[in-house]
Undergrad: 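Right, I'll just put the structure down here and ask away after.
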Amino acid sequence: MTAGRTGTADVAVVRRDRAAPTGWTTVVRLLGLLPAHWDCHPEVGRDRVVLRVELAGATDASAVRRAVSCVLADAALRGWTEELQDRT
């Protein structure tokens with residue numbers, strides 16, 4: 001059993017294709033495809049969505065990023081991509 005984690009992981013996704021739905025539609029799709037037991041707090045704009053996910057149990061930041069990456073492969077989210085963060 002993995003010890004519980006605390007804190008949050010933020011993942012931002014951005015609209016790269018103007019033909020893609022706006023953030024307000026996209027956030028519904030994102031949340032619907034992510035694990036239902038995650039506590040997610042979205043910040044939504046027209047071209048950018050930030051998901052703040054509460055880390056708990058075995059869920060860590062890399063698990064959140066992997067899940068979001070997989071979800072973004074869904075055809076309903078075509079035109080959206082994860083925003084690259086500066087890791088310096």
Side-chain angles (χ1 to χ4, degrees):
M1 186 166 163
T2 303
R5 303 215 188 317
T6 59
T8 60
D10 289 358
V11 179
V13 297
V14 292
R15 185 166 67 148
R16 299 284 186 217
D17 180 351
R18 294 293 157 225
T22 63
W24 300 288
T25 300
T26 298
V27 72
V28 173
R29 293 174 176 170
L30 282 168
L31 293 174
L33 292 169
L34 289 171
H37 66 278
W38 283 4
D39 285 330
C40 258
H41 309 279
E43 296 174 18
V44 184
R46 176 179 299 279
D47 298 321
R48 187 171 188 260
V49 175
V50 178
L51 297 175
R52 177 163 287 146
V53 179
E54 301 283 337
L55 301 180
T59 303
D60 61 12
S62 56
V64 172
R65 291 200 184 292
R66 282 191 306 274
V68 171
S69 180
C70 287
V71 164
L72 286 172
D74 189 279
L77 296 168
R78 188 171 294 132
W80 284 83
T81 187
E82 185 175 349
E83 183 176 73
L84 299 178
Q85 296 179 350
D86 184 12
R87 305 222 183 230
T88 57

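Below, each value reflects all heavy atoms present in this structure, side chains not excepted, and no hydrogens, waters or symmetry copies.
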Undergrad: Side-chain contact, heavy-atom cut-off 4.5 Å: Val53 with Leu34?
TA: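 Val53 vs Leu34: side chains apart.
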
Undergrad: Determine the minimum heavy-atom distance between Gly79 and Ala20, stating which atoms define it.
TA: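 Closest approach of Gly79 to Ala20, heavy atoms only: CA-CB, 4.0 Å.
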
Undergrad: Sequence neighbours left out, what passes salt bridge (charged side-chain N to carboxylate O under 4.0 Å, His left out) with Glu54? Give chain and number order.
TA: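 For Glu54 there are no salt bridge (charged side-chain N to carboxylate O under 4.0 Å, His left out) partners, ignoring immediate neighbours.
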
Undergrad: Among Thr8, Val64, Leu31, which residue meets the side-chain contact (heavy atoms from CB on, under 4.5 Å) test with Leu51?
TA: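 When side-chain contact (heavy atoms from CB on, under 4.5 Å) is applied between Leu51 and each of Thr8, Val64, Leu31, only Leu31 qualifies.
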
Undergrad: Taking only residues at least two apart or on different chains, which pairs with a member in residues 16-26 satisfy salt bridge (charged side-chain N to carboxylate O under 4.0 Å, His left out)?
TA: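 Every pair satisfying salt bridge (charged side-chain N to carboxylate O under 4.0 Å, His left out) with a residue in residues 16-26: Arg18-Asp47.
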
Undergrad: Only counting residues at least two apart or in another chain, list the ones meeting side-chain contact (heavy atoms from CB on, under 4.5 Å) with Pro35.
TA: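 Per chain and number, Pro35 pairs via side-chain contact (heavy atoms from CB on, under 4.5 Å) with His37, Trp38.
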
Undergrad: Suppose the criterion is salt bridge (charged side-chain N to carboxylate O under 4.0 Å, His left out): which pairs have a residue in residues 37-46, not counting sequence neighbours?
TA: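 Qualifying pairs, neighbours excluded: Glu43-Arg52.
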
Undergrad: Who are the side-chain contact (heavy atoms from CB on, under 4.5 Å) partners of Leu77, not counting sequence neighbours?
TA: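 If we apply the side-chain contact (heavy atoms from CB on, under 4.5 Å) test to Leu77, skipping adjacent residues, the hits are Thr26, Arg29, Leu30, Leu33, Val71, Leu72.
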
Undergrad: Counting distance only, does the side-chain N/O of Trp80 pair as donor-acceptor with the main-chain N or O of Gly23 below 3.5 Å?
TA: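 Not confirmed, Trp80 side chain does not pair with Gly23 backbone.
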
Undergrad: Hydrophobic cluster membership, with links at side-chain heavy-atom distances under 4.5 Å among I/L/V/M/F/W/Y: are Val68 and Val14 in one?
TA: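 No; tracing contacts between hydrophobic side chains, which count when under 4.5 Å, never links both residues.
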
Undergrad: Applying side-chain contact (heavy atoms from CB on, under 4.5 Å), name anything that partners Arg78, two or more places apart in sequence or on another chain.
TA: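 side-chain contact (heavy atoms from CB on, under 4.5 Å) check on Arg78 returns Ala75.
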
Undergrad: Only counting residues at least two apart or in another chain, list the ones meeting side-chain contact (heavy atoms from CB on, under 4.5 Å) with Val44.
TA: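 With neighbours one apart ignored, the set is Trp24, Val27, Pro42, Val49.
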
Undergrad: Are Arg66 and Ser62 packed together at the side-chain level, in the sense that at least one heavy-atom pair is separated by less than 4.5 angstrom?
TA: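 The answer is yes; the side chains approach within 4.5 Å.
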
